[in-house]
Amino acid sequence: MKHRISLGFLAIFIAAAVAVAQDSATPTAEVNPAVLEVNGDKIYAAEISMTMQNIVAQIGGRERVEDEEVLVKMATQRVIEQTMLAQEARRTNVPPNELRLAEMIQAIEGQAGGRERLESNIGAFGMSYEQLVDFLREMELSRALIEQQISPTIQVSDEEIEAFYSDKPELFNVEERVRARHIIFHVSLQDDAETVATARGKAEEARRRALAGEDFAELARELSEEKETAAKGGDLGFFTYGQTAPTFSAAAFALEPGDISPVVRTEFGMHVIKVEEKQPARLVPLEEASGQIRNILIQNETGQKVAKLIESLAGQATITNLVDGSGPAGGQQ
């Protein structure tokens with residue numbers, strides 16, 4: 001896009017600022033400098049570092065980040081775009097949804113363990129609670145602009161839905177699925193024979209009790225050594241063949257609803273499995289898929305229109321890099 005400014009030095013600077021903030025026992029204002037200015041509105045290092053964390057969460061964890069500098073550039077670009085959209089919202093008198101903003105703040109406070117804990121966390125990046133609220137307000141403004149000015153312009157016809165369904169049949173071929181519960185006793189493939197025998201004995205006893213008529217879900221809560229699924233009565237939800245360990249899949253798909261398996265060993269341990277439901281492979285009919293398709297098409301068109309709006313705003317924007325002193329030079333930076 002035209003507004004993609006040169007961010008190489010800025011990326012290195014942001015990464016260094018984040019590292020200093022994370023290692024600093026005494027937060028100081030210097031860890032959160034203004035690094036960019038978009039049409040006179042400043043963007044701070046902490047805003048970019050928070051956006052980096054959001055991106056990391058979206059892609060599945062820090063270990064999946066191959067290039068820190070690329071991550072910083074992505075986050076910086078996202079904050080620039082958000083700022084321009086929020087500015088456009090104010091220019092066109094689009095108000096933020098104050099209830100949604102309050103709910104967002106409440107959710108973030110809850111995730112942090114309360115407002116005091118949240119303030120401590122963001123303080124490590126040199127950000128105040130008020131600055132965080134302002135940043136969230138910018139996010140809400142950009143969302144409100146899309147909701148109020150772009151979304152109402154999008155119409156999806158029945159013909160477009162039918163064309164999508166016809167063009168992408170692979171999306172609507174559903175494999176056979178089962179819903180199962182399990183009770184597991186942990187033992188690795190490297191454990192000695194005595195440890196394996198002990199785990200198998202526990203599993204056989206659990207199976208005996210289940211076959212004798214005890215409630216399988218209650219047995220899982222009592223006996224299973226996997227806390228997360230034990231709390232749900234061993235419920236694994238629906239899965240297709242191959243989504244679990246090979247021996248587990250083979251055993252589960254061989255059962256009928258209500259059946260209980262022999263003891264099954266996988267790399268994770270000894271399992272006893274009960275199948276609750278089976279769904280055969282099928283082609284999802286158009287009538288059932290149309291709502292999902294409509295949402296996909298709306299999202300795609302929304303993304304395209306937002307991208308065009310951002311490109312237009314960027315072409316008129318003055319973006320100044322406050323780190324190396326480049327700019328201002330509008331959308332050509």
What I'd like to find out is whether the side chain of [X] reaches to under 4.5 Å of the side chain of [Y], using heavy atoms alone.
X    : Y    : result
F135 : T51  : yes
L36  : Y44  : no
L136 : M139 : yes
F239 : F248 : yes

[X] and [Y]: same hydrophobic cluster, using ILVMFWY side-chain contacts below 4.5 Å?
X    : Y    : value
F253 : F216 : no
V196 : I184 : no
L219 : V275 : no
V178 : V284 : no
I310 : L145 : yes

- Message: Assess the residue pair R137 and E98 against the criterion (salt bridge (charged side-chain N to carboxylate O under 4.0 Å, His left out)); give the C-alpha distance rounded to whole Å, side-chain angles, the decisive distance to 0.1 Å, and a yes or no.
- Response: CA-CA 9 Å; R137 185 177 295 278; E98 294 293 345; 2.8 Å; yes

- Task: Determine, for F238 and R177, whether the Lys NZ or Arg CZ falls below 6.0 Å from the six-membered ring centre while staying within 45 degrees of the axis.
- Result: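 Relative to the ring axis of F238, which defines the angle, R177 lies inside both limits.
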
- Query: Between R115 and Y129, is NZ or CZ placed under 6.0 angstrom from the six-membered ring centre and within 45° of the ring axis?
  - Reply: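 Yes.
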
- Just checking, any donor-acceptor pair under 3.5 angstrom between side chains of T92 and Q149?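 Yes.
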
- Query: For residues S261 and K274, is any side-chain donor paired with an opposing acceptor at under 3.5 Å?
  - Reply: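 No, no side-chain donor-acceptor contact under 3.5 Å.
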
- Query: Is it true that E311 and K308 make a salt bridge, defined as a side-chain N closer than 4.0 Å to a carboxylate O?
  - Reply: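 So E311 does not pair with K308 through a salt bridge.
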
